[in-house]
Amino acid sequence: LVRIDVRVCCTVCPVPRLVMMRLALRPHCALQPRLPLLLSFRPAPFLLLLLLSHQAGLSVCRDAPCSLWLSSSALDGAGRGVFAGRDFAAGEVLTRAVTMRVPQALVQSTQLSNYVFAATKLDDSSEEDVGDSMLVLGAVPMVNHGSEDAVNADLFPLPGDLAELRSRRPIAMGEELLVSYGAAEWFTDRGLQAAGPAQADTRRRPEAFSSSTRQPPSRTTAELERRGTCLSDVAPSVTQRGAVVASRTLVPGEVVVSPLFLLPKAAVPAEGDVSRHSIGHPGSDVLVLPVALPGRLADGAAEANAEAALEVRDGGGAGIDGDLLECGAQALCDSPVLRIDLHLTIRLRVHAGESLSVQFGSARPRAGSSDALHAPILALDGFFPAAWAESVAGIRRQAAEQGDIEAQYQLGQTLRLGALGVGTPPDDTAAIPWYQRAADGGHAAAQLRLGVAFHDGLGVESDPQMAFEWYRKAAEQDIASAQFVVGLAYSNGDGVERNASEATRWFLLAAAQGSSNFRKAAKAMYNLGGAYREGIGVEKNLTLAFEWFRKAAEGGSIKAQYNLGVAFSIGDGVVADASAATWWYREAAEEGHMMAQYNLGLAYSNGIGVEPDDRSAFAWLLKAAEQGSSHGQFVVALFLDQGRGVLDSDPVTALFWYRKAAEQGHARAQLSLAVALEDAHRGVSAAERVEAELWYEKAAAQGLHRRARQEQDWRARLRTALHSVFDALDSSWPDRGRHPTEGE
């Protein structure tokens, strides 16, 4: 017994001469391969085929070329990838996608963890805001990771929860798209292979896979059309927020395909973006979230323009494994690889810009059941296999008790995080035995999690030595987070004897896996820069210190950005460059680094690396002063005293800032405050004279005597005050950070 689908594509010419017809014979026996048959027809038989179109499932050619294809990746072992269907110029928009914030608890307990970006990558969240991750829906999540020299596309945020994938350089038709997910650390933090497909574990490798070549091979148009699925047929709506629309006219018989996330219903919060975009049913224990649909399907009632069906892919990325639809959903939910595709078959013509709709069912959750919490989720009758009604949690526990280490780890995650969808509270104590069993079985993520638990006393009594042992086990499996924490432990003497050489070695291992997307790696790079600059655990090397500071700065380390500015200012490990110094000071200053704000203000004041600008100088100096910089407070007082960078002089406010700096021990501020208190241009009380004498004494104790008050020229005072402004590194090294949490 076979099911035959027929698609006819014809070359448009005055007289149709040739028709290519492919019959995909899909036997119900999963072991049989597909058999593609190519037949040619002359006009007369072609007319006969048209008469049989309804019975045969006949459809005409696409009315527009496909700009993005989903097909088997050109990278060995990488699963599927996204390919250019035409040539793209540098900076051109490749596709648009929908973004949504996802709670860390949901990310950590589901397969979403392999497809999310750091929230800070797509919005202006602060460095410490690690509560959520960013999930992108559309073609973007299916784009594979590439090394820096192979990346050809970048993701940019847009207003209204949208993002845009743009070409970094010209991209030729058939070339695979590659973005940066965060170099090797993105993978190793998840216990995944980042490169070297020969050693990859296909059971645990996600679709997004690291390139191991500078330029991956391309696919021909014929290969993409024969084996691929078009991803550019749909787009996010620009008028209906959250809707997915056709990007061209879709005719009956065409199929829109999207991989699916399979999520345990109990893990998904009842309210939120994930719920709104998911499809479920009261009779099923799981939800499905279409990955490649950049929006939500509409409820078409009786006038739905598409029909939905599930297909399950095998691990190799081709063929149908029908038996999986007859099994429980637990294995599919816990798999990092997306095994299920949604097939939307077009029933009615859908014009460009029109929403895609499906006839959702009328089934409603039973009162008092857990399904009632997910009432906003669209319910689709006849869509979910009957076997998926079984409890995912129950099957997972059975698998865990039978020794499945992935199930053991996921069970520990679920217990620790709680079930957001049903309101089950977290239970660290109950999670520990399952983490222990998975860690004993060699599960790297479980080892790291167990280390955190022992270090912080979460569910167990705090034991830094035991924590270090588990951190080290995970670090030896190339988990970048664990390597960084082991380096911190050696640096701080936390659970192990302090050892600067070992700390630097582990920082080096962690930093070697780092990238711009991860704070932990940037901190490791920053610490390495400090180690090389000070000769701690390694031979002192200013050039290497500069290189590690540069990598950390590019990875988002604010302290490293400031130190790069200092290095460029004084030629520390690099040729001095005032313009480059100012650029890095600005990067750090805009992130709130006090010393960078001060130095940037001085650069504007003196025209160092930038055009002189008193107003900009005063603005940055004031920011530093407000954060407590005594130098900044003193120079702000000078500016106010002389009316520089402001509309008019303000001696009263200047006195306030002199006092603030003087109270912090700033010698010149103490002298200037004493002079200001004795100012003959205003009335001076006896108390002010006494206070002035006090500040003269404090200044004299630091080597500035009363005769210095003769320096009445504020420009001379300013030059004297700034004689060493560019020689101070950020001394808060090492950056100890925090012990990482899952997914951070």
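Below, each value reflects all heavy atoms present in this structure, side chains not excepted, and no hydrogens, waters or symmetry copies.
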* To do: Please report the shortest heavy-atom distance between Asp494 and Pro464, naming the atom on each side.
  => OD1-CB, 3.7 Å

* Could you list the residues that satisfy side chain to side chain contact (heavy atoms under 4.5 Å, CB included) with Ala309, not counting sequence neighbours? => none

* With the side chain counted from C-beta on, respond yes when Asn144 and Leu177 share a heavy-atom pair under 4.5 Å apart, and no when they do not. => no

* **Presence of salt bridge, Glu469 and Lys473, under 4.0 angstrom** => no

* Asked: How far apart are the C-alpha atoms of Leu450 and Gln436, what are their side-chain angles, what is the distance that settles it, and do they pass the side-chain contact (heavy atoms from CB on, under 4.5 Å) test?
  -> CA-CA 7 Å; Leu450 204 55; Gln436 183 80 51; 3.6 Å; yes

* Structure fact -> Here the gap from Leu415 atom CG to Asp427 atom CG, rounded to the nearest 0.5 Å, amounts to 6.5 Å

* Asked: Per the side-chain contact (heavy atoms from CB on, under 4.5 Å) rule, which among Gln408, Arg416, Gln413, Gln410 passes with Trp434?
  -> Gln408

* Atom CG of Leu287 and atom NE2 of His277: how far apart are they, to the nearest 0.5 Å? -> 14.0 Å

* Side chains of Pro269 and Leu106 in contact at under 4.5 Å (non-hydrogen atoms) -> yes

* **Side-chain heavy atoms of Pro294 within contact of Val98, under 4.5 Å** => yes

* Should the heavy atoms of other residues, nucleotides or ligands under 6.0 Å from CD of Glu401 be counted, would the total exceed 12? -> yes

* Structure fact -> From the list Thr99, Val140, Val179, side-chain contact (heavy atoms from CB on, under 4.5 Å) partner of Leu155 resolves to Val140

* Structure fact -> Tested for side-chain contact (heavy atoms from CB on, under 4.5 Å) against Leu68, the lone hit among Thr229, Leu165, Val82 is Val82

* **Considering all heavy atoms, the nearest Ala453-Ile432 contact** => CB-CD1, 3.6 Å

* Structure fact -> Taking every heavy atom of Thr110 against every heavy atom of Ala267, the minimum-distance pair comes out as CG2-CB, 4.1 Å

* In Å and rounded to the nearest 0.5 Å, what is the NE2 to CD distance from His343 to Glu307? -> 14.0 Å

* **His455 and Ser462, any side-chain heavy atoms less than 4.5 Å apart** => no

* Passes side-chain contact (heavy atoms from CB on, under 4.5 Å), Leu289 versus Leu260? Steps please. -> CA-CA 5 Å; Leu289 177 62; Leu260 290 174; over 6 Å; no

* Look at the aromatic rings of Phe468 and Tyr490 and report parallel, tilted or perpendicular, splitting at 30° and 60°. => perpendicular

* Where do Ala446 and Tyr435 come nearest, in terms of heavy atoms and distance? -> CB-O, 3.8 Å

* Structure fact -> All heavy atoms of Leu417 vs all of Ala105, minimum pair found to be CD1-O, 3.5 Å

* Asked: Once you round to the nearest 0.5 Å, how far does CE of Met100 lie from OG of Ser275?
  -> 10.0 Å

* Student check: side-chain heavy atoms of Gln483 and Ile479 closer than 4.5 Å -> no

* Would you say the side chain of Leu137 lies within less than 4.5 Å of the side chain of Pro290, judging by non-hydrogen atoms? -> no

* Structure fact -> Between Ala474 and Ala482, the two heavy atoms sitting closest are CB-CB, 3.6 Å

* To do: May I ask you to say whether Arg437 pairs ionically with Asp440, meaning some side-chain N is under 4.0 Å from a carboxylate O?
  => no

* Asked: Which is it for Asp341 and Arg80 under the salt bridge (Lys or Arg N to Asp or Glu O under 4.0 Å) test, yes or no, and what are the steps along the way?
  -> CA-CA 12 Å; Asp341 285 346; Arg80 289 178 284 187; 3.2 Å; yes

* To do: State, with a plain yes or no, whether a side-chain heavy atom of Leu342 is found less than 4.5 Å away from one of Leu293.
  => yes

* Classify the side-chain pair Arg296/Ser278 by whether it contains a donor and acceptor separated by less than 3.5 Å. => no

* Asked: What's the verdict on side-chain contact (heavy atoms from CB on, under 4.5 Å) for Phe484 and Asn527, showing C-alpha distance, side-chain angles and the deciding distance?
  -> CA-CA 10 Å; Phe484 176 69; Asn527 288 349; 4.1 Å; yes

* Heavy-atom distance under 4.5 Å between the side chains of Val102 and Asp273, does that happen here? -> no

* Can any side-chain N or O of Arg449 pair as donor or acceptor with the backbone N or O of Ala439 at less than 3.5 Å? -> no

* Taking atom OH of Tyr409 and atom CD of Gln447, what is their separation to the nearest 0.5 Å? -> 11.5 Å

* Asked: Would you say Gln477's side chain and Gly442's backbone share a donor-acceptor pair under 3.5 angstrom?
  -> yes

* Asked: With sequence neighbours excluded, what pairs up with Met466 under the side chain to side chain contact (heavy atoms under 4.5 Å, CB included) test?
  -> Phe454, Asp463, Trp470

* To do: Show your reasoning for whether side-chain contact (heavy atoms from CB on, under 4.5 Å) applies to Leu448 and Tyr471.
  => CA-CA 5 Å; Leu448 177 58; Tyr471 284 146; 3.8 Å; yes

* What distance do Asp404 atom CG and His443 atom NE2 have between them, rounded to the nearest 0.5 Å? -> 9.0 Å

